Amino acid sequence: KPQRNTGGTVPDKPSTAVTINILDVAGDLQLTQGMIDEFVSHHHDQIAKVTYAKATAPELVGKIKAQQNAGRVDIDLVLTGVDGLAAGIDQGLWTRLLPAYANRLSGMNDYLPGAAAMQELAGDYGVTVTYYPSGPLIEYLPTNVPNPPKTPADLLTYARANPGAVQYARPSNSGPGRTFLMGLPYLLGDSDPKDPINGWAKTWDYLSELNKYVTLYPSGTTETMKNLANGSAKIIASTTGWDINPRVLGTVPKEAAIGTLQGFHWVTDAHYAVIPKGVDVDEQAAIRNLLADMLTPAQQAKAYDKGYFYPGPAIKDVPLSMAPQESRQALGEFGRPEYDQLIADNPTEVPLDAKALVAAFDRWDREIGGAKVTK
Amino acid sequence: MTAISVARPRTRRRLAASPGAWLVWGAVTFFFVMLAGVIGSVVVSSFGSHWFDTWLPQGWTTQWYRQAWQEFTLFDVLVVTVEVSLLVVGISVLVGVPASYVLARRSFPGRRLLYLLFLLPILMPPITYGIPLATVLYKYGFAGNMSGVVMANLVPSVPFVILTMTPFIEQVDPAIERAARMCGARTWQVFLRILAPLLIPGILAASILVLVRTVGMFELTFLTAGPDSQTLVVALYYTMSAAGIRAQQSIDAMAVVYTSMMLILLVVALRFVNPTQLVARVKEEPE
Amino acid sequence: MTPDRPAWRHRLAERGIDRQLLLLLPALLAVLLLFIYPFGYGLGLSFQPDHGGVLGAYRDFFTDAYQRDTIGTTLRLSLPAALLNVMASVPIAYRMRGRFRGKRTLTIVLVVPITLGTVLTAEGLLNFLGPTGWFNRTLMAAGLTDTPLRLTNNYWGVFLSLVITGFPFAFLLILSYLSGIDPTLERAAATLGAGWWPRFHRITLPLLAPGLATTFCLTFVLAFSVFPSAVLVGDPAGATRVISIAAYHAAYETYDYPLASAIAVVMGAVELAVVAAVLGLRSLFYTGSTGGKG
Amino acid sequence: MTAFRQLRLDGVTRRFGDRAALSGLSLTIDRGEFIALLGPSGCGKSTALNCLAGLLPLSAGGIWQDDQRLDTLPPERRGFGMVFQSYALFPHLSVRRNVAFGLQMRRLPRADVRRRTDEAIRLVRLEEHATKLPAQLSGGQQQRVAIARAVVLEPSLVLMDEPLSNLDAKLRLEMRTEIRRLHQSLGLTTVYVTHDQEEALSMADRLVVLREGRVQQVGTPEELHTRPANRHVADFMGYRNLLPLRVTGTHGGLVAVEGPGLTLRGTPAVPLSAGDRVVAAIRPEDLRPGDDGVPVTVEVVEYQGREVAVEARTDQGVPVHVRAVDRPAPGDKITVRADPARVLVFPEEAS
Amino acid sequence: MTAFRQLRLDGVTRRFGDRAALSGLSLTIDRGEFIALLGPSGCGKSTALNCLAGLLPLSAGGIWQDDQRLDTLPPERRGFGMVFQSYALFPHLSVRRNVAFGLQMRRLPRADVRRRTDEAIRLVRLEEHATKLPAQLSGGQQQRVAIARAVVLEPSLVLMDEPLSNLDAKLRLEMRTEIRRLHQSLGLTTVYVTHDQEEALSMADRLVVLREGRVQQVGTPEELHTRPANRHVADFMGYRNLLPLRVTGTHGGLVAVEGPGLTLRGTPAVPLSAGDRVVAAIRPEDLRPGDDGVPVTVEVVEYQGREVAVEARTDQGVPVHVRAVDRPAPGDKITVRADPARVLVFPEEAS
Ligand SMILES: Nc1ncnc2c1ncn2[C@@H]1O[C@H](COP(=O)(O)OP(=O)(O)OP(=O)(O)O)[C@@H](O)[C@H]1O
Ligand SMILES: Nc1ncnc2c1ncn2[C@@H]1O[C@H](COP(=O)(O)OP(=O)(O)OP(=O)(O)O)[C@@H](O)[C@H]1O
Ligand SMILES: [Mg+2]
Ligand SMILES: [Mg+2]
């Protein structure tokens, strides 16, 4: 590579076609790799080659830090969830993408309200590329649970009557687990749903009461899904994506049903694109153009996938009918028409910020998960 | 008591052996049964399409393997993994065995201190030194490609070889080395022609263990790997703990791929050398 | 022919210093360059927390029972597991010294679990020992129990995974250490009237002691740093909240690197204490040629 | 174990691969006997001892102790003591603890162990070295530890595999006497392997000569020395001159034999008749320079203390070994003669 | 390495802990010499050899080869060959490859290696066993491999540590001759450790007698045999009768000595005068039954081939060792006498 130019103005287009190394720490490529590949195939003059690498969010920071400390950043684009995004902001790893050149990312004006709220979390450092309202939902097999609980109190009663039947995974290892955790304050009417330490009195009481009838907290959502399928768990926490996709994959019986608890708020989730500091301006230019393309409806429709992040698109007016054939078929068979209504009728909330979330995990680990030790 | 020299039933002694023998073989059998269950359930699951509350899956498929193969460009990853692990094993044996030789054979001031120094990298979790190590390697242009991955993995591997080989070398009669020297062999020749063959079981054991550790070493590999120097464990680690939805079966499939690769490496290694009784074997009771 | 220099050299040689020590150099360089500097950096980091002064991170760790108890939790897991691995390997390896048909195959099969890796082991344990896994199905089909046994997502799951991954490791090492002991010695003991047990514990065991100590240390260290299986098959918030989970939490969830380094250093120190105790015991035993290769 | 009356080896055979290291050894050993196994290197002596000790399984044959079949018992149940050719000392135990090992195995009281150990160590003159490890001992010292370790048990049968091979002549003589003394005073039964005829002759009650795994002769020292059963035994018993000749006639108990440039009279081992091809065996010390005899040319002269060993050649080039008191020089021509009673004549094919 | 003219040991000392296993060994070895180191077990023979080979660092002293200081060179640079007392064969290599090892180290052409290896194996009579591993060989066979491995290199200096101790008499004699032959035909210089005086006497040009790490005497075989320097050397050289006596008078070159029930005449090793406490040293074979002499009672009779060894006691209880041709019975009373020329008289304190 010639001498790097990491500061200064970002040109409209790279001077020569560049190679982009993308690191995905959120599982986002499942949704967006198609978009990227298509852009690359049409813009050989900008991007000669893309390499994909995948990793988990926690290790991301260390790796970028090591590269930045050494002055050799070779990761050009990171696709991350809220956790990685926040950690990077906190550690000062990301290039400020906005507001400069905001005009190049016109798609950002078309964000869905929920997605726009999620974009707030990114400040000027990231661009929301996919979005979904997530949960909390409960999932069960109708044959095992003919009368699913309708309220948090019902759920508690059910758990009391069927010890071990209610399951949610350890929140720090599980999307549905943490969605359930973050959704409870809204359901129970806690004083400050954004402050797990001082504002969640009812939630913590509820969880410790529930804890008495929960025999185990699996270390991942997959396992709760497996337990639901094999009958060792009757009701588990879930989200829209975790409801549809596993049934498509066949890990959960197709007939599994979802339920909601009365008065719930959606706790939304999104994936972001960020650029580490130290990336050459030519590459930045290419990435900006790529992101701009990804935020067009035609590309966003690919985010429907097979319900992995249902619905998935971050911008308005991307109906399922625009999605690729495969998506439409999968969602036609496994999708749930009632989601449209649920999404429309229930308020959405952004998740906790990273610090508060970690504090909530910590408290959960100590008081709920860890309480088992002394028993 | 006539002089019938019928061949003595050979198994008698072994069968009549203490109940201890039965206990041991019983425990081994139990271990095998459990092992078969553990491995079997994963393999079966990785080929199953739906497996709920039944003895066996409802249908069979290879889609999980196909998916993993494509999603992670597994072929390239496997090649890199094999290259990295062989390099790490080779270098750490070359560097570690001479050092353990000195530690085993000589007593010199500071020997204990040195032993401790070699112990530390195994004791210290990579968290303490992983990031600064990666920084150093990036700074000098090693990280981001295979050389960095290899170097980072040497950190725990070299001491590992040293620790396992030291007691081994202590067992070899020093007179044999002296004899080799009297035959005019230089130090490296003594190593190559005399010690190495005698130490083969130990070197093999150490290599296999280093190999396993290297293939399974996530942190250091991830921190120093570039886009085209990822190893299998990075992919495996991803399927296992990344955010998002993965079918249980695809994790199982990746685990099976990982294990198969290790198994192939192991069997290849064991084809070349038997880990047991290479030298002392001839002194054993022959059948 | 300067008279001084050679005499000086002899004197050094008698104390064990000569050119052969150069063989240490590559390993020493590797460790110094690739480990000592980065480690020193990490160590330094552990003394530079955001708050609480130089020892703040350590104080945070030790004053919080939830954090501090992880040491005990980890030891409770790793010591028995390492001990079991070593103690089970010894009789098996000992039995496998004789020649018999199928020995090589048996060895390979015993060593196979080494290739499993944590993930397959964890998945396998969850599948096999889970509430509706084959194991519990068999037990229930045989009428041995009515409700499934809980063997996963608790202490036993992690313990079993440590045994499955640690045993072949210990076995392989011990088997090769055993092969280095001259079988004639045991025969000599037999002619002196020693039955198998005295032969074993008076002759073989002391000669094997250095190898046993090393094996124990290595398996212990591996078990002590258990992380993935403590999360996957354990109860990571409770019974199997091992120290590496605490370190991971600090490093990768709260990004508190000083605390993470401090925990890692504590981890190393505890391991070092155990290893030093074991190696101290080892030095009581004979460490020299065991005649097997001579 | 308890004392026995008789130990019977019956066709004891041991094969390595398809080569028999020992074939069909049959022998009855009475209690209190001192048996020496003698034979050239590699003839199967150690193999025989190992079979007896139970360290090698037999390929065929059996071993009985009185009425009890022994060959199926493991070594530790046979109660024999053994000195290994390679010593096989426990490298991690001091001299004292090596020697005490067997006693401790028998669970003797502490004081007894101590006393008997000290005694055995004194016996082999290692008092000064009692706390050393085997690796710190010289070869001969190690060998002595091995002896002490075996005899301290006072076992019913002691097996010794070249126990004195690394000792100097003086010590060897002393140790010989000690071993004999122990043998007698403790009423042991001893099977003793040695490559040294002199040792065997001086110590044993009976000797067993092996060659390539087969017994050649069993007999008292005197029988073996004066009446070897065949040319191989003769060869091994020090009849260094083995002259291929032909019988020309018999005279009473003697035969006349002749070869290129040589005419001798000797004692036939089996009845012989004129014309038979034979081998005449004569010890160097029986072939003395004398007036009438075979003329030979001196080639090599070796000093051997009081006498010299002379290697000479007849005019026809047959090499002969002669002992002489005065010292001839290489190139000297001398004549040698032998007493017909000391010239043994064996048929050539005997083996 | 290249041939040398002289090898000089200068005060070579080796301590283990605070005990000197070898102290102040000074010796000059000429090229082509055959030196034997002789001495009782544990006297430092192997230590001396190891120091010379470079396997043990010296505690003091130096070794020079002509003008080059040798003791700082590592063993492989000295170019010596060595036969180890414990054989130290490479357990993983066949006999052939054990022997070939040194040649391969010298990077000789394949064909040469093969030829010389075969030759050496033939020399030690192991053709049949060439493909076996050491553990499959008998003790004596292993020892022969060790010899072949050392001599195949034709090194400038060969060090042999009791190379024949495990061979039977016949083979030992043959090997002795072979080793001498090799020594002469290849022009080797040899330092040979043995515990066997006879071997040393018959093979070596010069002998070095050690005792507790110190040189007692250096000399030709004949010097040592007939004129041992002190009572320890005499003892070691087979003068088994060491009688503590007192000088009663001198007669020309001879002295008269007397003790309880004993009167003898002998040759003094140093000037002595009446009243001195002395030790008279006599070999058993020089103490013969005769008419006038010391009356003794036979106690033990050992058969030793042509002669018998007799252990007897004077009336005052002094034990004497005698050789006899006819065989007295225990309890017999005989008289023994010795030629004064063969009775050596040493002052008692000499050591
Ligand atoms: N490593 C050692 N540590 C302590 N003492 C030792 C060591 N090696 C040898 N010695 C002692 O040094 C003395 C001389 O040993 P050396 O091996 O030279 O004897 P040697 O003359 O070869 O005897 P032998 O004829 O029995 O082989 C012995 O008393 C021995 O015990
Ligand atoms: N494990 C083995 N495998 C093959 N051959 C063997 C084995 N052990 C011994 N032999 C062979 O059996 C024969 C007899 O060996 P043994 O050890 O009994 O000889 P020995 O009479 O004790 O000789 P030495 O006096 O040299 O010790 C030898 O030719 C030897 O090579
Ligand atoms: Mg033998
Ligand atoms: Mg010696």
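Below, read A as the first sequence line, B as the second, and so on, with proteins coming before strands; counting in each chain starts at 1. These numbers come from a predicted model, not from an experiment.
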For a side chain to side chain contact (heavy atoms under 4.5 Å, CB included) check, start with the C-alpha distance between E76(D) and T191(C), then their side-chain angles and the critical distance, and finish with the verdict. CA-CA 5 Å; E76(D) 68 271 20; T191(C) 66; over 6 Å; no

To the nearest 0.5 Å, what is the distance between NE2 on H92(D) and CG on L207(C)? 4.5 Å

Applying a strict 4.5 Å limit to non-hydrogen atoms, the region of R202(C) in contact with chain D is both

Supply the atom-to-atom distance R106(D) CZ to L192(C) CG, rounded to the nearest 0.5 angstrom. 7.5 Å

Pick one of side chain, backbone, both or neither for L89(D), based on which atoms fall under 4.5 Å of a heavy atom in chain C. backbone

To check you understand the geometry: which heavy-atom pair defines the closest contact between A188(C) and R149(D), and what is its length? CB-NH2, 3.6 Å

Contact leader toward chain C among Y87(D), F80(D), F101(D), where contacts are heavy-atom pairs under 4.5 Å: F101(D)

Just so I know, are the side chains of S86(D) and D182(C) near enough to count as touching, which here means a heavy-atom distance under 4.5 Å? no

If you draw a 6.0 Å radius around CZ in R125(D), do more than 12 non-hydrogen atoms from other residues or ligands fall strictly inside? yes

Here the gap from E186(C) atom CD to L55(D) atom CG, rounded to the nearest 0.5 Å, amounts to 11.5 Å

